[in-house]
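The first residue of the sequence shown is numbered 1, and numbering continues consecutively from there.
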Amino acid sequence: MNTPAARSGLLRQAVATTLTLGALAHAQTDTPPTPPAYPVTLIGGRVVSVSAPAPDPHPDGGWMEWQLDQRQPSLDGRFHALLFRQSSNNPKHDPIVVHLVKPDGRVLPLKNGDVFDVTWMPDGQYLLGRGNNTLRLWNTSGGLRTRVLPGMEALDVKPGVVCVATLPAGNTVGLIVQRFHVPSLRPLGEYTITGVPTNRRFCR
C-alpha cells in the first residue's frame, strides 16, 4: 500500500539503515589508538616497557581499550605479573589478561588469564589466579593447571599450600577454606572461617 504513512515509514527505515551502515564503516576504517605502555624495573635496574594489548573494535563504534589494572611482583622481585583490564560493554565483568615479565625482560601473555586477581607463591615459582569459578596455577614458563571451585572469595598462600576461601550456595555458617598442594593442586582438607578475609592472612 503506497500511502503517505507507508512512504514515510520506508523513508525512516532507509535513513536508519544508512546511518547504521555509516557508523559501521566508520568503526571499521577508524585508526585504532596506540596501546599504552608501562615501565617495569627488573632486578639490576633495567627498565622494560610492557604494552597493553591492542584494542578491539566496539560493536557500537570506536574501540575497547586495555589499561593496567594490577601489578604484582613476585616476593623475590624476579618476575612481574601485569593485569590489563578492558573497558567492555559487559555489565558484569570487564575481561582481564595477564602478562608475565621474566627476569630477562621477555613478556609472556599467560593463557586463560581472565581472573579477578593474582597471588604469587612465596618461592616465586608459581602464580595463582582467582577466576569466576576456576583456580588457575601458572608456572614461570606459562604452563597452566586449573581446578574448578565455584564461589571463590579470596586466596591466601604459605609455602607449598594455597588456601581458597569459598562461599558455597546456601551456606550460612561461614566461608569454607579449601587447602591445596602446590603445584599439584591436590586437596589437603578444609576448615571454616567467618567473614570475608579481605587483606588478612587466613591460610593454615
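A donor-acceptor contact shorter than 3.5 Å is absent between the side chain of R71 and the backbone of L83. Side chain of S141 to backbone of G143: no donor-acceptor contact under 3.5 angstrom is found. Put simply, the side chain of W138 gets close to the backbone of K111: a donor and an acceptor are under 3.5 Å apart. No side-chain donor-acceptor contact under 3.5 Å links T166 to the backbone of G151. Side chain of D156 to backbone of C203: a donor-acceptor contact under 3.5 angstrom is found.
Residues P73 and F79 form no side-chain contact, since every pair of their non-hydrogen atoms from C-beta on lies 4.5 Å or further apart. Between S87 and E65, the closest side-chain pair of non-hydrogen atoms is not below 4.5 Å. Residues R136 and N112 meet the side-chain proximity criterion, which asks for heavy atoms closer than 4.5 Å. Here the side chains of L68 and F84 are in contact, with some heavy-atom distance below 4.5 Å. Side chains of Q86 and P95 form a contact here, defined as non-hydrogen atoms less than 4.5 Å apart. R147 has its side chain out of reach of Q178: every pair of non-hydrogen atoms, C-beta onward, lies at least 4.5 Å apart.
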key: side-chain contact (heavy atoms from CB on, under 4.5 Å) between L135 and L128, intermediate numbers included   = CA-CA 7 Å; L135 175 67; L128 293 144; 4.1 Å; yes
query = Run the side-chain contact (heavy atoms from CB on, under 4.5 Å) check on V182 and V161 step by step: do they pass?
reply = CA-CA 5 Å; V182 175; V161 177; 6.0 Å; no
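Here the shortest heavy-atom pairing between P36 and Q67 reads CG-OE1, 3.8 Å. When all heavy atoms of N133 and M152 are compared, the closest pair comes out as C-CE, 3.9 Å. Nearest approach of S74 to R78, heavy atoms of both residues: OG-N, 3.3 Å.
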With a 3.5 Å cut-off and sequence neighbours excluded, list the donor-acceptor pairs that the side chains of residues 43-54 form with protein atoms.
unit_1	atom_1	unit_2	atom_2	d
R46	NH1	D104	O	2.7

Run the side-chain donor-acceptor check on residues 113-123: report pairs under 3.5 Å with partners two or more places apart or on a different chain.
unit_1	atom_1	unit_2	atom_2	d
D114	OD1	H93	NE2	2.9
D114	OD1	I96	N	2.9
D117	OD1	R130	NE	3.4
D117	OD2	R130	NE	3.3
D117	OD2	R130	NH2	2.8
W120	NE1	Q72	O	2.9
D123	OD1	Q125	N	3.0

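Residues satisfying the ring pair (Phe, Tyr, Trp, His ring centres under 6.0 Å) criterion with F180, sequence neighbours excluded, are absent altogether.
Residues F202 and V157 do not share a hydrophobic cluster, defined by chaining ILVMFWY side chains whose heavy atoms lie under 4.5 Å apart. Residue L149 is grouped with residue Y126 when hydrophobic side chains (ILVMFWY) are merged at heavy-atom distances under 4.5 angstrom, including chains of intermediate members. Taken together through direct or relayed side-chain contacts under 4.5 Å among Ile, Leu, Val, Met, Phe, Trp and Tyr, L42 and V107 form part of one hydrophobic cluster.
The one candidate from T140, L110, L137 that meets the side-chain contact (heavy atoms from CB on, under 4.5 Å) condition with L127 is L110. Residue H80 forms a side-chain contact (heavy atoms from CB on, under 4.5 Å) with just one option from L100, V40, T41, and that option is V40. For the side-chain contact (heavy atoms from CB on, under 4.5 Å) test with L175, the passing option among T192, L167, T194 is L167; the others fail.
Summarising the geometry, atom CH2 belonging to W66 is positioned 13.5 Å from atom CG belonging to L82; distances are rounded to the nearest 0.5 Å. Separating the SG atom in C163 from the CZ atom in R201 is a distance of 9.0 Å, to the nearest 0.5 Å. Within the model, atoms NE2 of H99 and CZ of R106 stand 15.0 Å from one another, a figure rounded to the nearest 0.5 Å.
Both tests hold for R204 against Y191: distance to the six-membered ring centre under 6.0 Å, angle to the ring axis within 45°.
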